[in-house]
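Have a look at the structure below before the remarks.
To find a chain, count down the sequence lines: A is the first, B the second, and so on, and within it residues start at 1. Given the structure is predicted, the values throughout are model-derived calculations rather than measurements.
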There are 2 protein chains.
Amino acid sequence: MDQDIISELRRRGYRITTARRAVVSSLVGATGHLTADQVAHTVKATNPDVDTSTVYRTLGLFEDLGIVEHAHLGHGPAVYHLGKTHQHLVCEVCGAVIDVPVEALDVLALELRERYGFQIRPGHFALTGRCDQHAVSE
Amino acid sequence: MDQDIISELRRRGYRITTARRAVVSSLVGATGHLTADQVAHTVKATNPDVDTSTVYRTLGLFEDLGIVEHAHLGHGPAVYHLGKTHQHLVCEVCGAVIDVPVEALDVLALELRERYGFQIRPGHFALTGRCDQHAVSE
DNA sequence: GTAAGTGCAAATGATTTGCAGATGT
DNA sequence: ACATCTGCAAATCATTTGCACTTAC
């Protein structure tokens with residue numbers, strides 16, 4: 001799985017460096033979403049001399065190549081993830097994150113399309129609200 | 001309209017200061033969404049000695065009191081607005097902002113509620129995508 | 001060998017905070 | 001009078017950038 005990405009990079013003419021390998025491992029080894037800083041920490045565990053700015057540049061490159069995506073879950077730093085786009089639901093009380101397939105927004109997308117001529121591209125910003133445990137019973 | 005807010009503040013025991021008056025005027029006089037910095041600029045036009053940090057504090061207070069809300073339209077600074085909550089649609093090509101009533105998300109809210117036990121509270125983050133002019137015809 | 005990639009340090013942009021002084025009530 | 005507000009300067013947090021040096025190819 002690491003290898004797929006490495007090959008992809010090579011195939012596209014990008015150089016395979018220690019930093020890039022380490023970022024790939026960090027992303028592949030993680031379940032879920034990581035901030036750039038968390039990626040940097042994981043990376044530094046094995047490669048202490050990789051700089052955080054390089055991690056940012058690497059994540060930026062991977063994003064341009066469609067290998068990773070970033071999303072905003074709240075007021076803090078952005079989070080990065082591999083794999084296909086999904087919509088994040090974030091509980092404003094406990095911070096719990098639920099990943100839902102973008103298809104869950106299909107009906108909404110259609111409605112906004114028809115009514116406002118607007119095509120949404122879900123996933124970039126979370127939908128905030130309250131999880132089951134912290135629901136407000138009106 | 002300025003006066004409603006001023007009275008509200010007074011009624012709740014907050015002090016009426018030059019800075020607060022000026023922030024209220026700025027918000028009332030503007031159509032749409034302003035960044036804290038834009039509010040600060042408007043304020044400084046008549047009251048040059050009001051500091052930007054005071055504008056932030058004032059907006060923060062107004063938000064706590066339910067007088068204003070802030071939303072995130074993209075990677076830049078947050079925007080503040082008076083009035084009732086609405087959902088922002090932001091074109092990722094031209095930055096155009098469309099305001100839609102939160103009721104447009106009712107169907108989605110219901111679905112997410114049933115399927116994931118999650119209650120969304122729309123409006124805090126924009127939905128990004130493409131406006132009519134910049135639609136991708138797949 | 002050479003361009004692409006990197007570390008480092010410094011810059012940026014948005015927002016927050018500590019504190020001593022000013023001001024609304 | 002006295003607590004609340006404010007200006008100012010400095011701190012913070014996430015992210016970006018300039019530049020000289022390294023390294024993958």
Side-chain angles (χ1 to χ4, degrees), chain A residues 5-24 26 33-41 43-44 46-65 67-80 124-126, chain B residues 5-24 26 33-41 43-65 67-80 95 124-126:
Chain A
I5 299 175
I6 300 296
S7 320
E8 168 88 2
L9 284 173
R10 203 186 309 271
R11 196 176 51 71
R12 298 229 218 172
Y14 293 95
R15 296 185 180 175
I16 309 306
T17 65
T18 314
R20 287 178 181 169
R21 276 184 203 284
V23 170
V24 171
S26 167
H33 321 91
L34 296 174
T35 65
D37 209 58
Q38 288 173 320
V39 174
H41 264 83
V43 164
K44 281 179 216 261
T46 47
N47 299 79
D49 42 349
V50 172
D51 194 75
T52 303
S53 67
T54 300
V55 171
Y56 272 100
R57 283 191 269 233
T58 303
L59 290 170
L61 171 66
F62 288 3
E63 199 155 24
D64 289 346
L65 299 179
I67 296 169
V68 308
E69 279 179 10
H70 82 269
H72 301 276
L73 305 187
H75 284 171
V79 295
Y80 294 79
H124 186 218
F125 285 117
Chain B
I5 299 176
I6 299 295
S7 320
E8 168 88 3
L9 284 174
R10 206 186 308 270
R11 196 176 51 73
R12 298 228 218 175
Y14 293 96
R15 295 185 180 174
I16 309 307
T17 65
T18 315
R20 287 180 182 168
R21 276 185 203 283
V23 170
V24 171
S26 168
H33 320 92
L34 296 173
T35 64
D37 209 57
Q38 289 173 320
V39 174
H41 265 84
V43 165
K44 281 179 218 261
T46 47
N47 300 78
D49 41 350
V50 171
D51 194 74
T52 303
S53 68
T54 300
V55 171
Y56 272 101
R57 282 191 270 231
T58 304
L59 290 171
L61 172 66
F62 287 4
E63 199 155 22
D64 290 347
L65 300 179
I67 295 169
V68 308
E69 280 180 10
H70 82 268
H72 301 275
L73 304 186
H75 284 171
V79 295
Y80 294 79
H124 186 217
F125 285 117

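Spacing between atom CZ of A:R21 and atom C1' of D:dA24 amounts to 11 Å, rounded to whole angstrom units. B:Q38 has its CD atom 16 Å from the C1' atom of C:dT15, to the nearest Å. Atom-to-atom, CG of A:L59 to P of D:dT16 comes out at 10 Å; the value is rounded to the nearest Å. With rounding to whole Å, B:D51 atom CG is found 15 Å from C:dT23 atom P. Computed from coordinates, the B:L61 CG to D:dT6 C1' distance equals 13 Å when rounded to whole Å. Taking atom NE2 on B:H41 and atom C1' on C:dA14, their separation rounds to 14 Å, with Å as the unit. As a whole-Å value, the separation of B:H70 NE2 from C:dT16 C1' is 14 Å. If you measure from atom CD of B:E63 to atom P of C:dT15, you get 11 Å, rounded to the nearest angstrom.
Looking at heavy atoms from C-beta onward, A:H75 lies in side-chain contact with B:H124 at the 4.5 angstrom threshold.
Where A:A19 and B:Y56 each meet DNA chain C at their nearest nucleotide, the meeting point lying more 5' is that of A:A19. Nearest-nucleotide positions on DNA chain D for B:T18 and A:P77 put B:T18 closer to the 5' end. Two residues, B:R57 and B:T17, neighbour DNA chain C, and the one matched to the more 5' nucleotide by heavy-atom proximity is B:R57.
Here the straight-line distance linking atom CZ of B:F125 with atom CG of A:L73 works out to 8.0 Å at 0.5 Å rounding.
Panel note: side chain B:R12, backbone B:L65; a donor-acceptor pair is recorded below 3.5 Å. Side-chain N or O atoms of A:T58 include one that pairs as donor or acceptor with a backbone N or O of A:T54 at under 3.5 Å.
If you check every strand for non-hydrogen atoms under 4.0 Å, A:D37 touches nothing. As judged by a 4.0 angstrom heavy-atom cut-off over every strand, A:S53 is placed among the base-contacting residues.
Evaluation of atom-type donor-acceptor distances gives no pair under 3.5 Å for the side chain of B:R10 against the base of C:dG24. The base of D:dT4 sits with one of its N or O atoms less than 3.5 Å from a complementary donor or acceptor on the side chain of B:R15.
For the pair B:T54 and D:dG7, the criterion of a side-chain N or O lying under 4.0 Å from OP1 or OP2 is met.
The shortest non-hydrogen separation linking A:A36 to A:V55 is O-CG1, 3.7 Å.
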